[in-house]
Amino acid sequence: MEFIQKKTADTSVEHFLSKAAESEIPLVWDRYEGQLPECGFCETGLSCRDCLQGPCISHPFRDSNKTGICGKERDILAVQSLLRLVLKGTITYLDRVSDLAKGIESKEIKPKNKTKTDQWLKEAQSLLQGDGTGFKKEFPRPLIRRWEEMGISPEGIARDLFKAFQKFEGGITDAEETLLWSFKSSLLGCIAHWLYGRLKRSAFGEPAPTRIEVNLGVLKKESPNLLLCGHFSPVLKRKIAEAAEKNGVHVSVVCSDPLLPPFHFPVATNYGSQEIPCMTGAVDLIVVGDQWVNPSLMRVAKEFEVSILSTEGLKRERNPGRFAGKIVDQTKKSFDFRRHIPRDVPGGTEVAMMGFSGGSICAKKILGAVHKGQIRGIVVFCGSNNVKYTQDQEITILAQEFLKNDILCIAKGEASVALAKYGFLNPLSREKYCGKDLSAVLSSLGEETPSVLDVGGGEDGAVIDLFLEMAKIGKRDLKELPIVACYPEANRSSEVTEAMWTVAMGVPTYFWPALPVTGSPKALEGLSKFCEEKFGAMLHIMTEKKVDARTKAKLILEAITGKEGYGFSGKPWK
Amino acid sequence: MRHAPCVFEKGKEIKMRYVIIGGSAAAISALETIRSIDRDSPIDLFSDETTPLFSRVLLPYYIAEELSKPLLNFRSADFFEQNKVTPHLGVRIRQISVDSKVVHTESGDQHPFDKVLMATGGNPIIPPIEGIDKEGISPLKTMADAERIYHLKGKKAVVIGAGSVGVESCISLKRRGMEVTLLEQLGQVLPTVFDDEAAFIIQERIEDLGIKTVTGQRALRFTGNGHVKSVITDSGEIECDMVVLAVGVKPAIELAQKAGIEIGSLGGIKVNGQMMTSALNVYAAGDVAETYDITREANWINAIWPCAVEQGRVAGANMAGRETPYEGSFRRNSIGNFIGVPAISMGLTRADTCSSCESGEEFQEIRKRTKDTYKKLILKKGRLVGAILVGVTQKAGLFHILIKKQIPVSDYVPMLMSRNLNFMDILPLIRRYADRFTETEYKEIMDTGL
Amino acid sequence: MVDKTRCTGCHQCELWCGTEISSASKELAKAIHEAPQPVPRVYVEGKQFALQCRHCENAPCLEACPNGTMRRDPETGLVYVHDPTCIACWMCVMACPFGIINPSSSMKVAIKCDRCRNMGYPICAEVCPTQAIRLEERKDYRIKAF
């Protein structure tokens, strides 16, 4: 079985691993090893637990149990495994936009741009209650038409979510149709995500490239540290930031957007090592949402006498102002109570410029550079951490290989944080990592432009906006631009949904680890040949487990720069 | 309960002289068993075959050119050396002197013995048909027969007798490119192996291969001048230029008869529960022996390879001083993949073939026929005495153990007939009748962790 | 040994035996699509229990094989099928009281567990999530038990 030798590429995280082992604090890596071997049926998508006649599997090597009891055949089982993830992911995006809409409706904060906020709020409400077709004005016509022809254009929650869910309840369909339903719901998630970004930016203001510190060193030895973990309402977050500022409490984030104008937050670490900040002893209180939060935080926090407050409890404090006040108070008190606990904060943080989006990226300049051949292609890094890989190793090696080959790298969310820890978002390292031509282009965008451009905290839909911008300026279909998306360490269902809509928009996506569809040849064909036909882009799934990062980089480089007839030939195009 | 050494006399080990007549399944099995108990005593093996250690069962494969000679061997070339056995190949034994404990070879040599095993097998029945001595007509029993048939340059072959040897021969010849007709006296192919329904399926498959089958017809005479030209049957004439005789085997009991050893009512050498004949220290095993048949509850001759191996093992053990009872045999045949449809048959094929049955009520026949498969179980007094599986041969061994130990199964018939039958299903039965197993056997079955 | 109180019937042993031993590609995602379909040598059928070849001391399959294809390894005592000489006659299938020999018409040989004699440790025992399958030595009446 595959035992990962090295747990993380992050030395400050490594520092705490032996400590955890000695204190017998189980971390995500221990639990992963304990779970091995993982069920091969579920891994390949060949299982189903939708009803009580099961659980069923499709046994690849025996004929007696190839089909589920209700009749769901192997291919359906696999595609439904994917659909389940996509639907879960779509709901995460809907949840976020609904929280934000409610937060703004409550008028707890003064929106930056009132008209726009009202406009987007109306759109968001329309999506949540009706069929929210407002997006059709902003998305390129050819895309909309393509989706409508295939029947997958988003039509609102009732159709894209509820109806899609009924596939699990039964019905006569085939693998291709079920796959299309996955795309349909992912597009609903896409619209939700995009609306969230628009709404947030009109209410809180446009982010500008900001200097942010990352890694464990951001925790302060001498002041109270409040750690915000996971996603929760930006309105509450803003209130917390305001209260913290007034009270000298230092706020850091994990798995949460670091940019919330007018505030910005240092990032303690990323998803895979979220249990580690507690181990420094320097965290006095953690505020958690639901999404992205590991329940194991409870156990680790207890070891270090840290309380955890959830923003999503049934009986939570509803008033954000009051809640924020309580949180900050408790953090201060905690700091006093915890003085006896030694604080082992590794020194040194990395500097990251984050928040390039919209205007600051200047799609025009980039497309111009692509046209001139200075930039040979664009890779968008998405995804987070997955314990099946050495933390951050894949993405850093991939980034290195791409940058030195003059590929423009854009990153978002957790992927940005991962790269930031190693200096990829530090303008000073630009020369070190980037090829000459790329370096020149980046510096033309501004002195403080780093090697990799972060487009937002992953909650923003900024990547979608970027795609739309590029399509508009380039006056071309996305599928003809030399742009790919890459998930070196995907993990959550929201990332699966995101990958699906990225493919639906025409951007080829490279996804690791392999999605649970590998047990069905039809599903694999669906995500490759069929997607190629219909969207002009494939969802690339690699089933080999032990491929090293450089090989993956080579594969993607070849795809971007070498393929004939794909518009990716690297030659200047008109 | 391990190694019982050779005979002790006054505290001194005396070596036994073992003589084995025969060189096929029973002989080799006995030899190995003796050697596993008695490491030093001399063993002399006499076989009239010059080619040693080949499996007769596989001769049709040789004829079909699917197995070369070395692949017919069921033991390696250095087998005799490894086991410290002196082989006398191509040497026929003319006589056994029971009282003086000496065997005489044809060339006049004498070999003394303390224990002797007669594993002389069976001789092919040559039917008294007019013209049987023409050229181009051969039985298929010995290596010489196989080579003769292999080298016959015929184009049209007739195989007389649709037993296992006959069916396999005709398929082999067909694979060599000849036009083949299978002639069988009784109304179905494989009359001793399958019932009429199973035989019908198999006959269809044989015919699908392009072989013409004629059943219910006897061969009356052969025509031809010196070399066979045709076979005259009850209803017609079949043109041919070669004939394979596969009408059956008769136990090769000449030696026993000459020595005055008791012959059973079926023509085989009679043996007791330890495989010893009526003559002290003279044992018999294999196709030549008449043993107790579990499914028939009477003596029978089951001239089947695994039975011969089993009997050889028991005889060998007894010869080497470890008293081992023989539980009895029962017929079992497997056609494997040869015809294209796998088929296995054990025990009785029909309720009425048991000669000692009193009334029909004791028997139960349960059959299941689908498009391509056939399954039949025969129960006598609630115990399994026969199983026929065509096309559904997986787990056949489960029926084997139920038949061998005569475990009452009448409450379990639906389970036994099910396609999903597996070991766990019969485990409760084995547990309940644990007394029918020896301690070692039972432990080995339960050792799985159950 | 298979501990029936621990077996959950999850079929992982079958899955990985098929992948690591029987398939050509040795990778689950590829093995699934292989033809002929890989054949696992361990059986989880009907009840929650995994059944492999017992490598019996008096192996009936050894006796039944007419051409020496079924062999016992002199060092380990394990019974295995010597594929090249197997003629698919199914005599061994007929003999095995556990029914663990698979008469495979797709592979044209008899297929049986050989306790992973070419690997270090039996795969089924390695992957069993509850460690229901274990390799143990038994001293009472046989040398090594499964």
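A note on names: the letters A, B, ... follow the listed sequences, proteins ahead of strands, and every chain is numbered from 1.
When atom types are taken as modelled, the side chain of Ser55(B) and the backbone of Asn67(C) share no donor-acceptor pair closer than 3.5 angstrom.
When each of Ser104(C), Ser105(C), Ala110(C), Ala95(C) is scored by its heavy-atom pairs under 4.5 Å with chain B, the top score falls to Ala95(C). Chain C forms more heavy-atom pairs under 4.5 Å with one residue of Ile335(B), Asn333(B), Asn420(B) than with any other, namely Asn333(B). Ranked by heavy-atom pairs shorter than 4.5 Å toward chain B, the options Gly68(C), Pro60(C), Cys65(C) are led by Gly68(C). Residue with the most contacts toward chain C among Lys404(B), Arg332(B), Arg313(B): Arg313(B) (heavy-atom pairs, distance under 4.5 Å).
For Thr393(B), the parts lying under 4.5 angstrom from a heavy atom of chain C are both the backbone and the side chain. Using a 4.5 Å cut-off between heavy atoms, Glu310(B) touches chain C through backbone and side chain atoms alike. Proximity to chain B (any heavy atom under 4.5 Å) is restricted, for Pro103(C), to the side chain, taken from C-beta onward. There is no contact between Leu402(B) and chain C, counting heavy-atom distances below 4.5 Å. No part of Cys61(C) comes within reach of chain B, as not one of its non-hydrogen atoms sits under 4.5 angstrom from that chain. With a 4.5 Å cut-off on non-hydrogen atoms, Arg56(B) does not touch chain C at all.
Distance check: Phe49(C) CZ to Phe423(B) CZ gives 8.0 Å after rounding to the nearest 0.5 Å. Separating the CG atom in Asn58(C) from the OG1 atom in Thr438(B) is a distance of 8.0 Å, to the nearest 0.5 Å. Atom CG of Asn422(B) sits about 13.0 Å away from atom CZ of Phe98(C), to the nearest 0.5 Å. Between the CD1 atom of Ile304(B) and the CE atom of Met94(C) there is a distance of 7.5 Å, given to the nearest 0.5 Å.
Across every non-hydrogen atom of Leu398(B) and Gly99(C), the tightest pair is CD2-N, 4.2 Å. Nearest heavy-atom pair across Pro66(C) and Leu58(B) is O-CD1, 4.4 Å.
Using a 4.5 Å cut-off on side-chain heavy atoms (C-beta onward), Glu45(C) and Lys395(B) make contact.
The side chain to side chain donor-acceptor pair (under 3.5 Å) check on Gln394(B) picks up nothing, with sequence neighbours excluded. Residues satisfying the salt bridge (Lys or Arg N to Asp or Glu O under 4.0 Å) test with Arg75(B), not counting sequence neighbours, are Glu32(B).
Scanning residues 84-92 of chain C against chain B with a 4.5 Å heavy-atom cutoff picks out Thr85(C), Ile87(C), Ala88(C), Cys89(C), Trp90(C), Met91(C), ordered by number.
Here salt bridge (charged side-chain N to carboxylate O under 4.0 Å, His left out) pairs that include residues 71-95 of chain C, with residues two or more places apart or in two chains, are Asp73(C)-Arg117(C).
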